[in-house]
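Computed over heavy atoms, backbone and side chain alike; hydrogens, waters and symmetry mates excluded. Read the numbers this way: they start at 1 and go in the same order the structure lists the ligands and their atoms. Residue numbers count from 1 along this sequence.
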Amino acid sequence: MALAPSESLEWSLPVPSVQELAIQKLDKVPLRYVRDDLDQTTPSNPSLRVPLIDMNKLVNPEFHEKELQKLHFACQEWGVFQIINHGVFDESLSKMRQQVQEFFDLPLQEKKRWAQKPGSLEGYGQAFVTSEEQKLEWNDMIFLKTLPLQDRSLNFWPGNPQEFRKTLESYSEDMRNVAVSIVRFITMGLGLEAQKFCDTFEEGTYELRMNCYPPCPEPDRVIGLNPHADISGITLLLECGDTAGLQVLKDEHWVNVEPVNGAIVVNLGHIIEIISNGNYKAPDHRAVVNNSKQRMSIVTFCYPNPSVDIGPAEKLIKSGSPPVYKTLTNAEYFHSFFNRKLEVSFIDSLKIQLS
Ligand code: OGA
Ligand code: NI
């Protein structure tokens with residue numbers, strides 16, 4: 001579809017599908033993907049392991065206290081952990097993985113039936129690209145708002161594979177249940193009244209981003225996903241296979257998040273960081289790629305109900321420490337994000353300035 005020039009600047013410029021590039025078996029990646037601009041000096045630490053939390057232990061009186069301590073530590077020191085025994089059936093997760101794979105395996109023209117449209121971030125496409133000079137990520141994706149029901153734009157929900165919409169519906173409900181139970185324990189870890197927070201996530205807003213990272217002829221010169229922290233409350237990531245690619249910044253080292261069978265990766269977003277008054281931090285993370293295997297990830301961004309203000313929990317303020325972050329309405333929070341100055345970190349812009 002040709003777009004009027006005035007319109008085309010308001011949305012992501014069309015860029016090639018990375019899957020299509022990968023099929024061409026190039027020796028070198030096109031210049032727009034070469035990321036010599038990125039700081040590659042941050043070292044990796046291959047020996048560190050992201051904490052593993054067992055939900056069965058959290059709900060079992062015998063093990064609860066010890067596992068909650070472990071979770072509290074994970075949130076303070078890492079901002080990311082993997083959970084097992086999260087209550088979602090293996091078959092449901094496998095079905096979702098299978099259909100995401102089938103979707104990305106479709107011919108480009110078919111996938112484009114659900115392509116992003118002017119002015120919308122939803123749909124199939126690539127990263128949000130606003131200039132011809134902008135460097136690109138080695139990533140194709142599809143982004144959908146999944147909950148509440150009235151936020152859905154079903155015209156972006158792929159009708160191929162045939163069962164995909166149904167699977168997406170039940171997957172989003174499964175992820176909401178996981179989010180609510182994990183928020184219960186995160187807020188307990190902070191010593192807060194958990195039910196109130198569970199309710200806001202029960203009635204929260206959920207978005208789904210399905211990522212495809214094709215193999216790359218020069219994996220060390222590109223990035224799958226730029227380093228960032230999520231603006232969600234929490235983010236739930238499901239790996240589609242056993243190829244690692246997600247890395248988290250821990251004590252100034254990149255640490256690989258190794259896929260664990262049946263686990264869901266949880267990382268804290270800025271909203272939990274703010275509620276915790278900085279006790280818990282949203283970690284920087286990124287995705288790297290490799291030269292032999294395609295990797296896919298299924299990422300759910302979980303937000304509290306938009307009627308709830310975003311600010312440090314009162315109880316944490318009263319008990320001594322002054323608030324580190326401003327309290328904003330949901331609308332102000334997103335407005336600040338979408339209108340942020342790129343040279344200032346978003347989370348720093350939400351801190352109360354000490355004079
Ligand atoms: C994201 C994200 C990481 C990954 O989509 O926000 O951090 O490994 N994804 O896909
Ligand atoms: Ni992320």
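Side-chain contact check for Glu173 and Asn177: no donor-acceptor pair (N or O, by modelled atom type) lies under 3.5 Å. Between the side chains of Ser297 and Glu239, not a single donor N or O lies within less than 3.5 Å of an accepting N or O. For the residue pair Asn139/Arg209, the side-chain donor-acceptor check at 3.5 Å is satisfied. Tyr33 and Glu137 are not linked by any side-chain donor-acceptor pair at a separation below 3.5 angstrom, with hydrogens and angles left out of the test.
Between Phe346 and Phe337, the ring planes lie perpendicular to each other; the angle is over 60°, past the 30° to 60° tilted range.
Residue pairs meeting the ring pair (Phe, Tyr, Trp, His ring centres under 6.0 Å) criterion with at least one partner in residues 45-81, sequence neighbours excluded, are His72-Tyr280.
Hydrophobic clustering, defined by side-chain heavy atoms of Ile, Leu, Val, Met, Phe, Trp and Tyr closer than 4.5 Å, groups Ile84 together with Leu52, Val260.
Looking only at side-chain heavy atoms (C-beta outward), Leu26 and Leu21 come within less than 4.5 Å of each other.
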For ligand 1, what N or O to protein N or O distances fall under 3.5 Å?
{"unit_1": "ligand 1", "atom_1": "5 (O)", "unit_2": "Asn211", "atom_2": "ND2", "d": "3.4"}
{"unit_1": "ligand 1", "atom_1": "6 (O)", "unit_2": "His228", "atom_2": "NE2", "d": "3.1"}
{"unit_1": "ligand 1", "atom_1": "6 (O)", "unit_2": "Asp230", "atom_2": "OD1", "d": "3.4"}
{"unit_1": "ligand 1", "atom_1": "7 (O)", "unit_2": "His228", "atom_2": "NE2", "d": "3.2"}
{"unit_1": "ligand 1", "atom_1": "7 (O)", "unit_2": "His285", "atom_2": "NE2", "d": "2.9"}
{"unit_1": "ligand 1", "atom_1": "8 (O)", "unit_2": "Arg295", "atom_2": "NH1", "d": "3.1"}
{"unit_1": "ligand 1", "atom_1": "8 (O)", "unit_2": "Arg295", "atom_2": "NH2", "d": "2.8"}
{"unit_1": "ligand 1", "atom_1": "10 (O)", "unit_2": "Asn211", "atom_2": "ND2", "d": "3.3"}
{"unit_1": "ligand 1", "atom_1": "10 (O)", "unit_2": "Tyr213", "atom_2": "OH", "d": "2.7"}
{"unit_1": "ligand 1", "atom_1": "10 (O)", "unit_2": "Ser297", "atom_2": "OG", "d": "2.6"}

From CA spacing to verdict: salt bridge (charged side-chain N to carboxylate O under 4.0 Å, His left out), Lys57, Glu62
CA-CA 8 Å; Lys57 289 189 179 163; Glu62 197 179 333; over 6 Å; no
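Counting only protein atoms, the N, O or S atoms lying less than 2.8 Å from the Ni ion (ligand 2) are His228 NE2, Asp230 OD1, His285 NE2, ordered by chain and residue number.
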